[in-house]
Amino acid sequence: MKHLIFAGILVVIVAAALIVGLDYVQLFPSPASTQAEPIDSMFNLEFKIIAFLFALIIVLMLYSIIFFRRKKGDTSDAKHIEGNTKLEVFWTLIPLATVLFLAYLGGQSLAETLRQDPRPVRIEAIGQQWSWRFQYPESGVISNELVMPIDKQAEIELRSSDVIHSFWVPEFRVKQDALPGGEKFARNILITPTREGEYSVLCAELCGELHSYMVAPVRVVSQDAYLDWLSEKSGVPNDPVVRGELWAERFGCTSCHSVDGVKIVGPTWQGIYESERLLTDGTSVIADLEYLKESIIDPNVKIVDGFPQGVMPPNFGQELTVDQIADIIEYIKTLK
Amino acid sequence: MTENDKVSLWSTGFFRGLFGFVIGFLIGVFLVTTVRLILGLEPWNPDTFGFTEGAWVLGAIFGVVGFVLASGVVDDWLKWINGEQTPEHPQDQHSSGWARYFSASYDHKVIGIQYGVTAWVVLGVAGLFAMIFRTELLAPEMQFLQFNTYNTIMSLHGIVMIGGMLLGVAAMSNYLVPLMIGANDMAFPRLNAFAYWINVPAIIVLLSSLLLGGFDTGWTGYPPLSARAPLGMQMFFWGVFFIGVSSILGGLNVIVTTVRMRTKGMNYFRMPIFVWTAFATAIISLTATQLIGLAFQMVSFERLFGMSFFNPAGGGDPILFQHLFWFYSHPAVYVFVLTGLGVISELLPVFSRKPLFGYRWVALSSLGIALVGFLVWAHHMFTSGMAAYLRVPFMYSTLLVAVPTGIKFFSWVGTLWEGKLSFETPMLFVLGAISIFLLGGLSGPPNGVVSTDLYLQDTYWIVGHFHATMFGGFLFPFIAAIYYWFPKITGRMYNEKLGKLHFFLMLPAFYVQSLGQMQVGLLGMRRRIADYDPTLGIQNSQILVTIAGFVIFTALIIAVSNWVYSAVKGPKAVANPWRSRSPEFQLASPIPVHNYDEQVEVVGEPYDYGLEGSAYVNIDKERYCPTELSEDLSAAPAAAD
């Protein structure tokens with residue numbers, strides 16, 4: 001019995017030393033995403049449990065090796081102890097409860113990494129033997145460098161052009177394979193960077209000859225710097241009004257709608273925001289945001305008196321993104 | 001004049017088999033090439049070393065068949081097909097000497113030795129591969145290997161080690177199970193011989209991948225990469241396929257033997273614990289191996305016939321491969337370690353002079369691990385793009401495996417506690433095994449928890465985890481088993497000082513290797529890379545890991561030399577140097593050809609050390625007293641001091 005007490009004390013001391021020691025070593029690169037928080041918490045807990053269990057078994061083994069040696073010349077056997085059912089039940093149930101609890105916490109931490117913000121920045125990451133390409137669909141930017149705004153969640157859609165690759169930035173912690181096969185096999189990964197700086201995306205699934213070098217630079221910058229970068233790379237302005245003017249020209253709106261009062265094919269946009277419009281069916285409406293939106297997406301529902309039906313293309317709802325429509329409306333609002 | 005003087009090389013099964021391999025290969029190549037000619041297809045392909053890929057594949061398959069036929073191992077079956085009788089207990093073609101081991105024998109002890117020696121040759125080859133690519137990893141940038149060579153050697157290191165481990169498991173099971181249950185051979189001796197011999201041509205096919213363009217996928221062979229890899233990929237697929245056939249048949253044999261051939265009085269809970277683990281292992285081998293054969297066959301057919309199982313462009317799904325592959329390959333790791341854990345449980349009581357603590361719990365925990373092991377496979381796929389919610393049940397099942405495994409650890413401590421420990425080489429390796437398997441096992445839960453696995457997957461932490469579990473669960477126990485049963489197998493004793501040197505070199509080196517691998521993985525080093533980022537600051541760790549690897553390799557050379565030398569020139573051993581209660585130790589050393597002359601009866605519990613006057617088997621009474629000590633103390637280290 002005294003052996004057990006003595007050994008037990010040693011277990012506690014060694015476990016405590018290991019656990020405290022763990023806090024003094026940096027085992028991981030510094031975290032740089034919100035997703036890293038629940039993951040690093042789990043690691044912390046896991047390593048403490050590992051330290052305790054390692055100490056428990058090793059200390060008891062070393063203790064036995066030191067104190068329970070066979071003495072020279074002693075050919076007799078040791079005590080005939082076959083087992084202890086209570087002990088067996090104990091060391092079945094306690095580990096069972098522990099692993100179930102650990103799994104539960106693990107599930108919670110996983111859920112936290114999957115928490116989706118309402119309007120994440122959308123980026124596509126396409127892997128191919130042996131490079132990464134990053135696409136920003138809303139601005140049409142294509143880049144070999146992944147630039148991300150700090151403190152904003154990015155939803156990165158992963159795809160591959162050939163074999164299975166995997167997207168991993170160690171400081172962000174999370175990882176996800178990039179699969180070939182188009183949309184059906186596209187997978188998303190959510191990353192909210194929390195530290196400005198330079199990192200690397202490493203391909204983390206063996207993909208052939210140059211797998212070691214399939215690495216791309218990552219830059220986390222301020223939100224303003226991000227928008228500036230986007231507009232610089234795309235040639236698309238930062239300002240929604242300026243953008244709206246660009247779309248209106250690029251998508252042909254201004255071929256039919258003037259901005260200076262002249263009648264071309266459709267009504268002029270000058271001064272229409274919040275003005276009263278007389279329709280062909282005799283009713284009147286205020287040209288508010290809803291009206292402007294409907295007029296772009298579903299142009300034949302309300303026709304202004306004096307203008308023809310069925311001329312404006314009815315499919316701008318598919319051709320323009322929600323953001324582009326919003327930009328156009330912002331532009332229209334400024335036309336007085 | 002000994003028999004050796006009269007034996008010609010060409011009369012041995014091995015060399016005849018090689019000849020048969022060449023013939024079979026040529027027939028296979030000829031068949032495909034001719035059919036292609038007739039069909040108007042291009043019969044040659046300069047990109048695949050002259051013959052077309054299909055020709056090489058059929059050549060390899062027929063080569064395996066040709067080897068087996070020419071080796072003589074299926075002669076009895078062929079005679080039965082022909083309506084002829086064969087003797088019930090056939091004499092080996094060569095009754096002694098090296099030729100006996102190079103030919104087909106139906107004696108499970110000979111087969112066990114064949115498996116064991118082949119295992120060490122294969123492990124040595126795989127170890128050499130590791131030494132080569134670890135040397136490349138000493139410094140950043142590429143020093144002497146081409147990328148494709150690196151990938152091939154690294155991939156072969158993995159699969160050849162796996163082959164070696166399967167051979168080692170079969171060595172232990174086939175040698176020990178009949179002896180431990182009081183039987184005179186396995187249930188199916190001819191099947192046993194066949195299951196051994198098919199490994200030889202299979203390994204030749206596997207290693208031929210080196211000369212046929214290699215392959216760059218790692219041992220996991222994921223498509224689409226494996227569907228477009230060089231020709232060597234096919235040699236990998238079919239080599240593994242036939243190694244798998246061996247595993248399945250071996251498992252069948254162990255199960256039937258255990259169920260049907262236990263001697264009088266040996267109910268299941270009176271079997272030596274090793275038999276429980278061999279049995280649990282055999283259940284896995286018998287039922288899971290088919291899945292890797294299937295998965296590899298499907299990729300092989302994708303390549304050969306344009307099928308699209310895993311190719312999205314043809315409507316297939318690359319994740320399906322991973323499910324099929326890991327459904328075997330996870331239970332496979334329990335095939336590697338369960339037998340080793342059985343060795344630990346078997347040896348601890350002997351060197352502690354105390355019963356195995358909680359024998360029934362330990363026995364059932366092996367079945368528990370085998371069962372739960374079938375339910376966890378997708379933990380290798382947490383980042384694969386599999387159904388996201390499905391990862392959670394697999395996390396639960398994966399963590400659950402820790403429970404039966406923990407029961408073993410606690411039992412081991414319970415056996416040691418208040419025992420009378422002695423530290424001969426087998427015991428040293430068993431104790432080392434426990435500590436290393438502990439390290440490996442404890443590095444598992446962070447992988448089993450999905451969120452932390454998102455970080456760890458495909459890093460060197462995983463490499464550290466599985467090397468520790470494999471060394472602790474298989475290699476160290478396999479080494480312990482060889483030292484322990486060496487006197488019974490060879491009739492001679494190994495050199496104890498060299499044994500201890502082996503241990504004290506290998507254990508610290510392995511800790512350095514393990515901890516080094518885990519450390520660089522956590523710092524951000526990926527696995528399977530030929531070159532690493534110098535700014536990671538891990539070069540010193542890389543150097544340490546490589547040096548550790550070299551020390552381990554050296555220690556093993558010392559061990560193998562010790563075994564080979566002692567088997568021929570070592571001092572004669574006594575029957576029971578360890579004073580074990582197990583049935584095989586009550587026989588003479590080396591063990592007589594037909595094992596037990598008269599039926600053995602079980603009259604007590606296997607591990608009743610400390611119970612005055614108790615015996616396990618009824619041949620105890622005549623031989624279980626240590627008056628047979630020879631003058632030479634090295635022959636009986638545990639008993640004489």
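When heavy atoms are compared at a cutoff of 4.5 Å, B/R527 approaches chain A solely by way of its backbone atoms N, CA, C and O.
Taking 4.5 Å as the heavy-atom cut-off, the residues of residues 36-54 of chain A that approach chain B are A/I39, A/M42, A/F43, A/E46, A/F47, A/I50, A/L53, A/F54, ordered by number. Near-neighbour residues of residues 101-111 of chain A relative to chain B, defined by a heavy atom under 4.5 Å from a heavy atom of that chain, comprise A/L102, A/A103, A/Y104, A/G106, A/G107, A/S109, A/L110.
The heavy-atom pair separating B/R526 from A/S212 by the smallest distance is NH2-O, 2.7 Å. For the pair B/T217 and A/L206, the tightest heavy-atom approach, listed with the atom from each and the gap, is C-CD2, 3.3 Å.
Ionic pairing of B/K420 and A/D74 is present here: one or more N-O contacts between side-chain nitrogen and carboxylate oxygen are shorter than 4.0 angstrom.
No close placement of the A/F172 and B/Y455 rings is indicated, their centers lying 6.0 Å or farther apart. For A/F90 and B/W361, the ring centers are positioned 6.0 Å apart or more.
Rounding to the nearest 0.5 Å gives a distance of 15.0 Å between NZ of A/K79 and CG of B/L611. Once rounded to the nearest 0.5 Å, the distance linking CZ of B/R353 with CZ of A/R70 reads 8.0 Å.
With chain A as partner, the option from B/F215, B/Y396, B/F382 having the largest number of non-hydrogen pairs under 4.5 angstrom is B/Y396. When each of A/A78, A/S200, A/G181, A/A204 is scored by its heavy-atom pairs under 4.5 Å with chain B, the top score falls to A/A78. Of all the listed residues (B/I319, B/T383, B/D317, B/I529), the one sharing the greatest number of non-hydrogen pairs under 4.5 Å with chain A is B/T383. Between chain B and the options A/I81, A/V174, A/N84, A/L96, the largest number of non-hydrogen pairs under 4.5 Å is found for A/I81.
Considering only heavy atoms from C-beta on, B/L416 stays 4.5 Å or farther from A/F68 through its side chain. Two residues are said to be in side-chain contact when any heavy atoms from C-beta on lie closer than 4.5 Å; B/W417 and A/L4 meet this criterion.
The number of heavy atoms from other shown groups lying within 6.0 Å of CD (A/Q116) is above 12.
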Practice item. Please assess A/K175 against B/D458 for the test salt bridge (charged side-chain N to carboxylate O under 4.0 Å, His left out), listing each intermediate value before the final yes or no. Key: CA-CA 10 Å; A/K175 180 186 288 123; B/D458 275 304; over 6 Å; no
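Here the side chain of B/D216 pairs no donor or acceptor atom with the backbone of A/G208 at under 3.5 angstrom.
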